[in-house]
Amino acid sequence: MPTRYEPILRANREAAVRAADRTPLRLAAAQPLCVPLDVAANARAHADAVRAARARVVVFPELSLTGYELDAPVVPTDDPRLAPLVRACAETGALALAGAPVVGDHIGVLAVTGDGVTVAYRKMCLGGAEARRFRPGDTPGVLTVDGWRLGLAVCKDTGVAAHAQRTVALGIDVYAAGVLESACDTAVVDQRAHRIAVTHRVWVAMASFAGSTGGDYTEAAGRSGVWTPQGEVCARAGTAPGELVRVSID
């Protein structure tokens, strides 16, 4: 009869195999200038950030391709306006995690590579007026990049303990979130990132909108960052649009 320790031992063995096979991961969190509802302009700004980051994975804020406009049209995965971002990912070998409304009326995370665009995750925990337009996703999202397991989140997800628990249970190394907070709520990002990191012993990357984002957010918090599994700030951006941070984790 299997013992209750077997799932834990199996998970530990699988984690050890992943760790032995992988190389350090170059991870960035970006907060590009956003033009509300202008997907083409925002895709170009994302492309510039990808090139500047020189990273394997670049995380962007919630609804980063449209701004926080809850009536923004869906951005399809074959949208030609995303071509500059696809090209930038092809040139740099990057995976960009960008935010947009997606089919099914979800707040989504688009996984963009040089090969194209897919929907990687749908926000599970909606906030405020979002539920009047959008539907919550029903499953956590995890991507594997060069042996590293990235759990995905969007804004309010990060404040719901059950979301991190469900995502971490799938076996992740990094909890990557695109968020939006007002400048007066800067501390919220720090508090949530620290709690997730120390509770689950994972790296945390949060890309936080800066400047005006549409949707009555005239001044967003910025200060995107990366936190170690011990909850320490490893890298931090300022409050200006266009800033980014990059770290190499191992």
Side-chain angles (χ1 to χ4, degrees), residues 27-34 36 58-64 66-70 97-100 106-109 121-134 136-137 140-141 150-168 172 174-245 247:
L27 174 66
Q31 51 191 51
L33 178 68
C34 178
V58 186
V59 186
F60 290 95
E62 178 179 25
L63 294 174
S64 58
T66 60
Y68 192 75
E69 298 284 354
L70 299 185
L97 299 173
H106 297 283
I107 294 175
V109 175
Y121 174 68
R122 297 163 179 83
K123 184 177 182 180
M124 298 175 67
C125 306
L126 301 179
E130 293 171 358
R132 292 202 291 266
R133 154 79 191 279
F134 296 105
L150 278 63
L152 307 181
V154 179
C155 208
K156 189 177 178 180
D157 289 335
T158 66
V160 178
H163 182 274
Q165 290 167 358
R166 289 185 64 185
T167 305
V168 170
I172 68 169
V174 181
Y175 187 86
V179 305
L180 167 60
E181 297 290 345
S182 295
C184 60
D185 292 325
T186 300
V188 171
V189 177
D190 280 283
Q191 292 165 357
R192 293 179 177 180
H194 181 270
R195 184 183 66 249
I196 293 165
V198 299
T199 299
H200 301 289
R201 294 300 182 189
V202 294
W203 290 86
V204 175
M206 289 201 183
S208 174
F209 255 128
S212 176
T213 70
D216 297 328
Y217 280 83
T218 57
E219 188 179 359
R223 294 180 63 76
S224 300
V226 178
W227 287 256
T228 72
Q230 292 73 42
E232 299 170 351
V233 177
C234 184
R236 170 97 62 163
T239 59
E243 295 189 35
L244 61 82
V245 294
V247 301

Is the side chain of [X] donor-acceptor paired with the backbone N or O of [Y] at a distance under 3.5 Å, no angle test?
| X | Y | answer |
| --- | --- | --- |
| Ser208 | Ala221 | no |
| Arg192 | Thr158 | no |
| Ser64 | Phe60 | no |
| Glu219 | Ala183 | no |
| Asp157 | His163 | no |

Looking at side-chain heavy atoms only, is the closest gap between [X] and [Y] below 4.5 Å?
| X | Y | answer |
| --- | --- | --- |
| Tyr121 | Leu97 | no |
| Val202 | Pro229 | no |
| Met124 | Pro136 | no |
| Val174 | Leu27 | yes |
| Ile172 | Thr167 | yes |
| Pro61 | Pro32 | yes |
| His200 | Gln165 | yes |

[X] side, atom [atom1]; [Y] side, atom [atom2] - distance, nearest 0.5 Å:
| X | Y | atom1 | atom2 | result |
| --- | --- | --- | --- | --- |
| Leu70 | Leu126 | CG | CG | 10.0 Å |
| Arg133 | Glu69 | CZ | CD | 11.0 Å |
| Gln191 | Asp185 | CD | CG | 9.5 Å |

Taking every non-hydrogen atom, the tightest pair across [X] and [Y]:
| X | Y | result |
| --- | --- | --- |
| Val59 | Ala176 | CG2-CB, 4.1 Å |
| Ala207 | Ala30 | CB-O, 3.5 Å |
| Cys155 | Glu181 | SG-OE2, 4.2 Å |
| Ala100 | Leu63 | C-CD2, 3.6 Å |
| Gln31 | Ala240 | NE2-O, 2.9 Å |
| Met206 | Val189 | SD-CG1, 3.6 Å |

Practice problem: Using a strict 4.0 Å threshold on nitrogen-to-oxygen distance, state whether Arg223 and Glu243 make a salt bridge. | Solution: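 No.
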Quiz prompt | Glu62/Lys123 salt bridge by N-O under 4.0 Å criterion | solution =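 Looking at Glu62 together with Lys123, the answer is yes, because their closest N to O distance falls below 4.0 Å.
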Quiz item: In chain order, what residues pass the side chain to side chain donor-acceptor pair (under 3.5 Å) check against Thr228, with sequence neighbours excluded?
Solution: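 Here the qualifying residues are Gln230.
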Exercise. For the pair Asp190 and Arg236, evaluate salt bridge (charged side-chain N to carboxylate O under 4.0 Å, His left out) and give the outcome as yes or no after the intermediate values.
Key: CA-CA 10 Å; Asp190 280 283; Arg236 170 97 62 163; 2.6 Å; yes
Quiz item: ring pair (Phe, Tyr, Trp, His ring centres under 6.0 Å): which pairs involve residues 203-232, sequence neighbours left out?
Solution: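 Residue pairs with at least one partner in residues 203-232: Tyr68-Tyr217.
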